[in-house]
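Notes to accompany the following structure.
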Amino acid sequence: MSESSDRVSWGSRTDTGRVRAINQDSVHAQPELFVVADGMGGHQGGEVASAVAVSAMTSEGTPPPSNLDELVARVHRANAAVLERAEQEEELAGMGTTLCALAVLEADWRDGLHLAMVNVGDSRIYRFADGRLEQVSADHSLVAELVRDGHLTSDEALVHPQRNIVTRALGIVPDVDVDAWEVSARRGERFLLCSDGLVNEVTDAQIAATFRRLDDPAEVVDELVRLAHEGGSRDNVTVVVVQVNAGDAGPAAAIPGSADARSDAAAAAAVTAAGTSTAAGADAAALSRGGVGLREGVDPEPAIDSGLGYEGDDATQDRRVRRVGRMRAAITVAVIAFVVAAGLVIIGLYARNNYFVSFDEDQIVIYQGRPGGVLWFDPTIEVPTPFLRSDLTDALALEIDAIPEFGTLSEAEDYVDDLSGRIESASNAATAGSG
Ligand code: MN
């Protein structure tokens, strides 16, 4: 039977298989964190590497990761732990491990349950929703890169003799490149984490059919392991199935990561995984499985993996969906800010790009601005004049009371020049009249 929390239920199993003597896979399944690691390297290296990585991911006493960055930080910690252990014991030198993990974050009524996922290597994460199975992680393997570059079809990859060569793993370089993304999942959706021991023996179609046929996560796990045995089980096999119980089961259109969001996302630029650097771990080494350890002489070209531009890759798309969502929000804010700023500039230009002549107390002055001001753009005194209200005839005072406006300062100054002339002639006329 499956175990369950209020948000998810799950089943998990790791199995040595029918050929290998030891199990180099490690697994962890707890309500908030699920991890699958597939170790490689001779002299117990594989077992140790995967166990060290999983235990570093899940160290007791530490609360589970509460966001994607924390989950990525765990992976870096696991990487450091594997490296450190390999340095301590000479016979473990060169060991490494794949790792994929799913962390349960918060649930919200609109998006459903938020999940954070990470992947390094060729263990896989699949999503089963609406009767469809899709891989949401990108394999860091030689054949996957050849497929991505168009040198190999996916059918050819399935039987390629070097299909077990991984191009990224924990324990190889200090600055490992981690794929990381978030998914919002609705009630009833199921996620499969597995080592390559499953997918080398069981086709995606068989896996999908199993999900369609069986509801209970633990039953799905048992059936998938049984199918791997049936297929020959030449490798260790690890299977975790996590079912989402919390979160609204509302229409798909409302869910980030739904078909609509994805098609938009596909057009967006690729975004690198959160909190990771690119390429540093890339040219490290291609590792071969099954206790062989490091394998030299692999074409370095496909081994270089920038983590960018996995076009059509679901994991990348999910990552893009979240990033695009955030990017869209940021763009919306930026556009609004720009429109507001542009509006203010226009209003400011309108408000300030004008001059008028009026009284300041009794003094005639040239103001810059609009009479009465616009918003908080108040008119300012640009040029005080020596003329007072008492200098003016009633007719001239009425003219100034009407607040004549001008487009430029020099027009306003010309007006004041003219006004001074009229004040003088009125004054002369008055003098002449009285004399
Ligand atoms: Mn394996």
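Excluded from the calculations below are hydrogen atoms, water molecules and symmetry mates; all remaining heavy atoms, backbone and side chain alike, are included. Start at 1 and go down the list; that is how both ligands and their atoms are numbered. Quick caveat: nothing in here was measured; it's all calculated off a predicted structure.
At a threshold of 4.0 Å, the pair R186-D130 counts as salt-bridged, since one of the basic side-chain nitrogens sits closer than that to a carboxylate oxygen.
The minimum distance between the Mn ion (ligand 1) and any N, O or S atom of D196 involves atom OD1.
Scanning all heavy atoms of the two residues, the minimum distance from S12 to V240 falls at CB-CG2, 3.7 Å.
The nearest N, O or S atom of D25 is not closer to the Mn ion (ligand 1) than 2.8 Å.
Using the six-membered ring where Trp is involved, F128 and F211 have ring planes that are parallel, under 30° apart on the 30 and 60° scheme.
Our summary of the site lists the angle at the Mn ion (ligand 1) between OD2 of D235 and OD2 of D38 as 170°, to the nearest 10 degrees.
Taking the side chain as every heavy atom from C-beta outward, V416 and E413 never approach each other to under 4.5 Å.
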